[in-house]
Amino acid sequence: MNQYERSRPGHSFDDPLLKMEMRAFTSYMPTSKNSAGIWAIGTLLAIIVCRLAFADRYTPEQIYLLGAVLLWIAAFTITFTRILMLPQNAFREWWLTLPVPRETLVHARMLGSLPLTGCFAAALWLVATVHSVLTSAITDSPLYADGDRIIGAALAYAALYAAITILITFIAMLVMIAMQGWRQWLLPLFFSIWCIPTVGLGVLYITHPDSPWLAAGRVWLYSAGAFLLIPLVRRLCLNLIPKYGFDWIIAKRSLLGGHALRASFLSSRTKAQRPNARGFKSLYALERSVFRNISAIRWVRMVYGILVLGTTAGGFITLEDDNWVQLIRALIVIPGIFTVTMLTLRFNLDINKRRLEWVLTFPYSRLTVMLSRLLAAWATSGIWLGGLAGGMALGAAARYLFVRPEHFGSHTAVLCGVYMIAMYFVYIISSSLASTLTYGYGNRQWLAYVSIPILMLAYMGPMLFNQFIMPESLIQSGISESRWVGLALYAVIGLPLSWGAFVLGSKGIATTLYMIQARQRKQGIKTFE
Amino acid sequence: MPPDIIWNLQDFQIDPSRPLYEQFVEQIRAMIAKGQLAPGTRLPSVRETAASLRVNPTTVMKAYQELERLRLTITHRGQGTFVTDEADAIRQSRRELARGAVRRMEELASSIGLTLEELIALANEEE
Amino acid sequence: MKQMLNSYADAAHTLSADSAQLAVRCREVSMSFKKKNVLHGVSFEIKRGSIVGLLGPNGAGKSTLMRILTGLMEPSAGSVEVLGSKPSVDTLRDLSFLPDRGQLPNWLTAEQWLGYASGIYPDWDRSLENQWVRKLEVDVSLRIATLSRGQEARLQLLTCLSRRAPLVILDEPFTGVDLLSRENISSAIADEAAAGDRTFLIATHDIREMESLFDRILLIGDGTIKGVYDTEALRAQGQSVESCYREVFA
């Protein structure tokens, strides 16, 4: 009879298991001077971005709603990625053999991420609230004139944020039961829960600014409803996960390591040919092989095929008036986000798998090695986008041949398309070059501070572009000369600057190894993630 | 030409706190003296020996040089190292071995206050 | 001042005289990071053609030292020479490095990896590769992701040995490797050392497995060199590498 069995499941925050679960997140929380600084800067930046992006065009409730959406996604993602990583977690066997009922393990894990998600919720709430107060103070906007309304919204949404934090974390925990056997069919359900808030984004734009659906009164109701659901979901977690949520952890390598991947593994064993490129070409081919391997996975092919079919249909449908420009505008966001994300993921994986030392001791300069990596990511983006664009062209051609619309594309629309493509081209090149800076700051702390906003910008680029530089109305208004000048300036100044950042980042890239070593020394090797 | 023998670690008793090359010389020499390595036998190359015994090649080389100096082996260029055919050299090394054994026994005998002859007599005494 | 210049000139003279026979020379190398001293005052030399063991407890600074030798990191103070020049991309051409617990690109088959590696390393020798594939018994048609630790360790060593690089630096080639693979690997090292005048620097905890392989050992602890010994000289004094290690670190 140990202490866990007596107090199952542990409620006390002194519970060592719970403390350990929380400890996994402490390094991300504002617990030290450094991390508190980063949180403060992040919040401040978010307030500024919020102020610049939304000004007084949206109601306070709409801003809060956007925050709620982000919180929803974050709460789900934090818990969900932790579950996905379980099979690779070096600590998993320790975790599973702790002398504690599984119910207690589940409970501790359910509560463990709450402080971090809570911090995130608080930060979001703060951003929205400061934005409301600020806007009401410095503008005469009628949307922000009513002080009571702002206070009401702040309180009601505070309750909603608290409810979302807990409820979504618990719901995401339930994914554990859907990782094996027939229950995998439940996965789409969870994915859709994950995605529901993106519908919320639509609501943000569509609803009437004074929609009662977003007003404080109803939000209190939503929160109350969510709070009522929480004990129910908690019970479900504690009853179902211990029974159905554990077997897959040892059996499976990862979600990717399922049958789909294994099948393609075996088939490519026979197909695999010895590559015979030399020098830089071989380096590049090695970098490309990562992406080739991803595109060989069956379900990736399927998803991509569906996407191509989608763009084909899209090309067919939108070849009327200037609609196809909108399709390009939507499509081109994909490589914009994809390229930097891929590079970041690759780099982190190389660090985790300790592959970086092999790569960095290839007899080529750091610049050459990193360049081969960027080129491979660019080529991949190009090829994948090429397929989508090809689909779209095919659809458009079919439409042209069989059901030719009377009017498709004006001179303005074509210019607009060219402008957007050129803009994104420069953006993708410059953002991926500049993002290299985040790996190379090493001993130079100031570079670390510089690189954080750069990476944030690199990720938010597409959103900012679509908001400011190429709004939907662009097609009607056409591309003014100043826009072309702006693009040219961006290319002439931005590209050399980002090349400089790339050179700086590549040169210092090996210091990442040292950063990791120092971090491990300080925190102990992180096995409990 | 392949060697007539390949050594593995079990053929030797290695004490890690004595110079390895000495031990190889001693033990190969004993093998030759005992006839375990017949005259004319081709020894494995330095490289083969180093790899199969997982020993530093310089050590093996030194041992081979010492064997050569003791005229127990002969190296024919391009053909390898062979155990000598000279009966004299082999006899000489048997004599060395015998002397060593006697010296050790004398030491043992004196440690219990006997001469070598007394020691042997004592051992042969009937119950 | 004049005296100082003289001593510099002397140092330069001995430097040029010796460096032809030296694979590695470290002088007063220190490394600190975030006010933490990881290495301090590390000086040693490694002669060409020798097999040197870098021994010491966990966290002694072995990996950091090796990273400095490969040019992955620059020391905060002191001078390092690898094959007569400062570690850089150029020295990487003549240096084969096996990182500690580093993984190869696991989405490839071993054959594919060797194909890329043979293109990436300018000194790759296909016949050496074939020889080591045979001797180390690596099934090259397998995916690296499906290899056992011992198999992957052998593949990594094979990658290092298939190059003609005169200096081979191995950081813990044995972690998590089974007995037979360990024997296989150390036998390959002895074999390769005998074949040419390659220099090996090997960090390991497997002292018993490796001790008869070393010419010399460097004992490193708490970021400093605790001793440099000639192994046969140690044994002549009745000490084994293991007992020496115990004496220094226990």
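Quick note: numbers below take in every heavy atom, side chains included, and nothing from hydrogens, waters or symmetry partners. Quick note on labels: first sequence line is chain A, next is B, and so on, each numbered from 1. It should be emphasised that the depicted structure is a prediction, and the values quoted were computed from it without experimental measurement.
Contact annotation for C:Glu183: both backbone and side-chain heavy atoms come within less than 4.5 Å of a heavy atom of chain B. Within the 4.5 angstrom heavy-atom criterion, no atom of C:Ser243 approaches chain B. Interface residue C:Glu232: backbone and side-chain heavy atoms are both found under 4.5 Å from chain B.
Between C:Ala190 and B:Ala50, the closest heavy-atom pair is CB-O, 3.3 Å.
Atom CZ of B:Arg18 is surrounded by more than 12 heavy atoms from other residues, nucleotides or ligands within 6.0 Å. The number of heavy-atom neighbours closer than 6.0 Å to CG of C:Asp222, taken from other residues, nucleotides and ligands shown, is 12 or below. The 12-atom threshold is not exceeded at CZ of C:Arg149, counting heavy atoms of other residues, nucleotides or ligands nearer than 6.0 Å.
Atom CD of C:Gln237 and atom OG of B:Ser17 lie 12.0 Å apart (nearest 0.5 Å). Rounded to the nearest 0.5 angstrom, C:Leu213 CG and B:Leu53 CG are separated by 11.0 Å. Here OG of C:Ser187 is found 11.0 Å from CD of B:Glu48. Values are rounded to the nearest 0.5 Å. Taken to the nearest 0.5 Å, the CG atom of B:Asn56 stands 11.0 Å off from the CZ atom of C:Phe200. With values rounded to the nearest 0.5 angstrom, C:Arg235 atom CZ is found 11.0 Å from B:Glu22 atom CD.
Between chain B and the residues C:Asp215, C:Ile189, C:Thr231, C:Val241, the most heavy-atom pairs under 4.5 angstrom are made by C:Asp215. With chain B as the partner, the residue from C:Ala195, C:Ala193, C:Cys244 showing the most heavy-atom pairs under 4.5 Å is C:Ala195.
With hydrogens and angles disregarded, a donor-acceptor distance shorter than 3.5 Å links the side chain of C:Ser212 to the backbone of B:Arg54.
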